[in-house]
Amino acid sequence: MRAAHIRWGLLLWGLVLALPAHADLSRRRSDVVEVVQKVSPAVVYIGTEQEVESRFRGRPRSPLEEFFGQGMAQPETRQRITGLGSGAIIDPSGIIVTNDHVIRGASAIHVVLADGRTFDAEVVGSDANNDLAVLKVNAKEPLPTAKLGTSSDLMIGETVVAIGSPFGLSKTVTAGVVSATGRTFRADSRVYNDFLQTDAAINPGNSGGPLLNVDGEIIGINTAIYANGQGIGFAIPADKVRRIVEELTRFGKVRPAWVGMDTADLPSQVAARLGWDRTYGVIVTNVDPDSPAAQAGVQRGDLVAELGGSRIQDAEDFDSRVRGYPARSVFPLVLFRAGGNRTVQVTPVEFPARLLENLAWEKLGLRVKESKGGMAIASVRQGSAASEIGLEPGDVLLRMNNQPVPTGDTFREALLTARRGRSVLLLVRRGRYGYHLTLPFEGQRL
């Protein structure tokens with residue numbers, strides 16, 4: 001009897017061992033696993049090539065050459081530089097969203113799908129201010145896609161998943177939580193606002209890849225890491241991504257938008273006089289008649305507390321947030337007036353043509369006209385900063401904030417982009433020589 005029990009026991013144990021190994025997979029299938037299996041086919045690896053000129057250094061330069069710098073010409077050679085990043089297919093026709101800095105300056109862009117297929121990509125449009133770009137690949141059949149979700153209802157602490165190609169290791173998955181929303185940071189001399197913060201591991205090569213919620217929707221595009229810390233990554237929120245992608249897809253660029261109001265940082269004594277006991281917000285210093293701000297009901301002296309659901313910290317923050325809304329894209333402003341809050345809806349528009357003619361005259365003290373290689377200065381306003389610096393009719397503007405301005409259209413676009421700053425960097429040609437000049441903007445910001 002005992003031997004029979006042993007035989008039955010061995011038989012049952014053999015049956016257990018014979019059960020398929022995947023019998024327990026359902027217990028191990030977490031939300032993260034579901035997201036990865038659902039979305040990873042739509043995540044791509046992006047490789048770029050860029051050719052740059054470099055000086056060939058065949059021997060050390062002598063002390064005299066070092067001192068005079070240009071005493072001895074160095075032969076030039078072309079060097080090919082490769083880059084890598086990630087992206088997400090958001091339309092089955094082959095539309096891909098990624099970061100502008102992933103493809104900036106590239107002479108060739110290659111996209112590798114999760115199944116190994118490789119395509120050459122063309123740039124549909126890109127925007128450095130918002131660090132977003134849209135690419136297009138031509139496939140014979142519809143491609144797998146990831147759904148662009150919303151970021152307005154994100155909860156701090158909710159689970160998120162990042163998929164990308166850190167250090168070229170394609171199909172890498174990391175998971176974490178939403179650490180914060182509405183973050184601001186500075187990189188490459190530019191301020192970036194209204195970013196998501198996550199502790200999901202993000203490394204070089206993750207840039208442009210999706211940050212996903214547990215429903216498999218894109219809630220952000222991974223963009224940057226905090227170099228001095230661990231577990232601090234940043235992503236562009238999906239709501240901003242959607243606005244910019246629509247603009248880039250339709251027009252190839254983000255059209256400069258105009259609101260028609262100026263703001264300034266809020267001094268503590270002014271806040272106290274208004275009855276505002278918070279440490280954030282800006283004061284409205286001017287509202288142009290018939291502007292979108294005026295039509296929405298914004299008044300001089302209002303305190304702007306929030307834009308698009310996020311607090312406004314200072315005037316620079318306000319200007320940067322506005323740049324994230326293209327023309328015809330509505331955003332809410334929370335105003336504090338007469339001791340109470342009110343919300344208004346502002347619809348920015350393209351900068352009116354009637355104001356363009358006066359913009360350079362009022363802000364720069366210059367009138368320009370098209371000339372060979374740039375914009376020739378036609379007249380200089382007496383008493384302006386341009387006059388005091390010494391600019392004269394006949395000088396030619398070649399670049400504005402490092403952007404070439406060979407035509408009237410490029411000059412106007414550069415001026416519209418630069419108008420929110422307090423100064424502008426100009427490259428001016430006089431005769432055979434070129435000069436870099438920093439010209440302060442005059443009056444209020446538009």
Given Ser86 and Asn206, is the side-chain hydrogen bond (donor to acceptor under 3.5 Å, both in side chains) satisfied, shown in steps?
-> CA-CA 6 Å; Ser86 305; Asn206 272 117; 5.1 Å; no
### Message
Pair Val259, Val346 - check side chain to side chain contact (heavy atoms under 4.5 Å, CB included), show working.
### Response
CA-CA 8 Å; Val259 174; Val346 180; 3.9 Å; yes
- prompt: Between Glu217 and Lys147, does a salt bridge (charged side-chain N to carboxylate O under 4.0 Å, His left out) hold up when you go through it step by step?
  reply: CA-CA 5 Å; Glu217 299 173 333; Lys147 180 182 178 181; 3.4 Å; yes
Side chain to side chain contact (heavy atoms under 4.5 Å, CB included) for Val173 and Val161? Distances and angles first, verdict last. CA-CA 7 Å; Val173 176; Val161 179; 3.8 Å; yes
* Does the pair Gln50 and Arg104 meet the rule for a side-chain hydrogen bond (donor to acceptor under 3.5 Å, both in side chains), with working shown? -> CA-CA 9 Å; Gln50 181 179 6; Arg104 189 182 308 155; over 6 Å; no
Kindly determine whether Ile225 and Phe234 satisfy side chain to side chain contact (heavy atoms under 4.5 Å, CB included), including the steps that lead there. CA-CA 6 Å; Ile225 58 175; Phe234 299 100; over 6 Å; no
**Asked** Under the side chain to side chain contact (heavy atoms under 4.5 Å, CB included) criterion, do Ile96 and Val137 qualify, and how do the steps go?
**Response** CA-CA 8 Å; Ile96 298 169; Val137 298; 4.0 Å; yes
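Listed for the Thr145 side chain is no donor-acceptor partner under 3.5 Å among the backbone atoms of Asp91. Of the possible polar contacts, none joining the Asn286 side chain to the Met261 backbone as a donor-acceptor pair under 3.5 Å is found. Checking side-chain atoms of Thr347 against main-chain N and O of Arg328 turns up no donor-acceptor pair under 3.5 Å. When atom types are taken as modelled, the side chain of Thr172 and the backbone of Leu169 share a donor-acceptor pair closer than 3.5 angstrom. Side-chain N or O atoms of Arg429 include none that pairs as donor or acceptor with a backbone N or O of Leu398 at under 3.5 Å. The closest donor-acceptor contact from the side chain of Asn213 to the backbone of Asp215 lies under 3.5 Å. In this structure, Thr174 contributes its side chain and Ala201 its backbone to a donor-acceptor pair below 3.5 Å. At least one donor-acceptor pair closer than 3.5 Å links the side chain of Thr407 to the backbone N or O of Thr410. Here the side chain of Asp131 pairs no donor or acceptor atom with the backbone of Ala128 at under 3.5 angstrom. Between the side chain of Ser179 and the main chain of Asp199, a donor-acceptor pair closer than 3.5 Å is present.
Rounded to the nearest 0.5 Å, atoms CG (Leu307) and CG (Asp194) are 8.5 Å apart. Atom CG of Asn222 is separated from atom CD1 of Ile202 by 3.5 Å, given to the nearest 0.5 angstrom. To the nearest 0.5 Å, the span separating CD1 on Ile46 from OG1 on Thr98 amounts to 3.5 Å. In this structure, the separation between CD1 on Ile95 and CD1 on Ile89 is 10.5 Å, given to the nearest 0.5 Å. With rounding to the nearest 0.5 angstrom, the CG atom of Leu143 is 5.5 Å from the CG atom of Leu113. One distance of note links CD1 of Ile312 with CZ of Arg321; it measures 4.5 Å at 0.5 Å rounding.
Side-chain contact between Val112 and Val44: absent, with no pair of heavy atoms (C-beta onward) separated by less than 4.5 Å. The shortest side-chain heavy-atom distance between Leu335 and Val344 falls under the 4.5 Å cut-off. With contacts defined as side-chain heavy-atom distances shorter than 4.5 Å, the pair Leu132/Val241 qualifies. Between Trp258 and Pro348, the closest side-chain pair of non-hydrogen atoms is not below 4.5 Å. You'll find the side chain of Tyr45 reaches within 4.5 Å of the side chain of Leu84, heavy atoms only. Between Met400 and Leu364 the shortest side-chain heavy-atom distance falls below 4.5 Å. Within the 4.5 Å cutoff, side-chain heavy atoms of Leu135 are placed close to those of Ile103. Using a 4.5 Å heavy-atom threshold, the side chains of Val298 and Val284 count as touching.
When all heavy atoms of Ile221 and Pro210 are compared, the closest pair comes out as CD1-CA, 4.4 Å. Residues Gly275 and Phe336 approach most closely at O-CZ, 3.8 Å, considering heavy atoms. Of all heavy-atom pairs between Phe318 and Leu333, the closest is CE1-CD2, 4.1 Å. Smallest separation of non-hydrogen atoms from Ser165 and Ser170: OG-CA, 3.5 Å. The heavy-atom pair separating Val405 from Arg399 by the smallest distance is CG2-N, 3.8 Å. In plain terms, the two heavy atoms of Pro144 and Ala42 that are nearest each other are O-CB, 3.6 Å.
The salt bridge (charged side-chain N to carboxylate O under 4.0 Å, His left out) check on Arg243 picks up nothing, with sequence neighbours excluded.
Side chain to side chain, Thr150 and Asp239 meet the donor-acceptor criterion of an N or O pair below 3.5 Å. Donor-acceptor pairing under 3.5 Å is recorded for the side chains of His101 and Ser207.
Aromatic ring orientation, Phe331 versus Tyr325: tilted (interplanar angle from 30° to 60°).
In this structure, Glu122 does not pair ionically with Lys136, as no charged nitrogen and carboxylate oxygen lie closer than 4.0 Å.
The neighbour count for Arg117 CZ, taken as heavy atoms of other residues, nucleotides or ligands under 6.0 Å away, is above 12.
With respect to Asn130, the side-chain contact (heavy atoms from CB on, under 4.5 Å) criterion is satisfied by exactly one of Leu248, Ile244, Asn99: Ile244.
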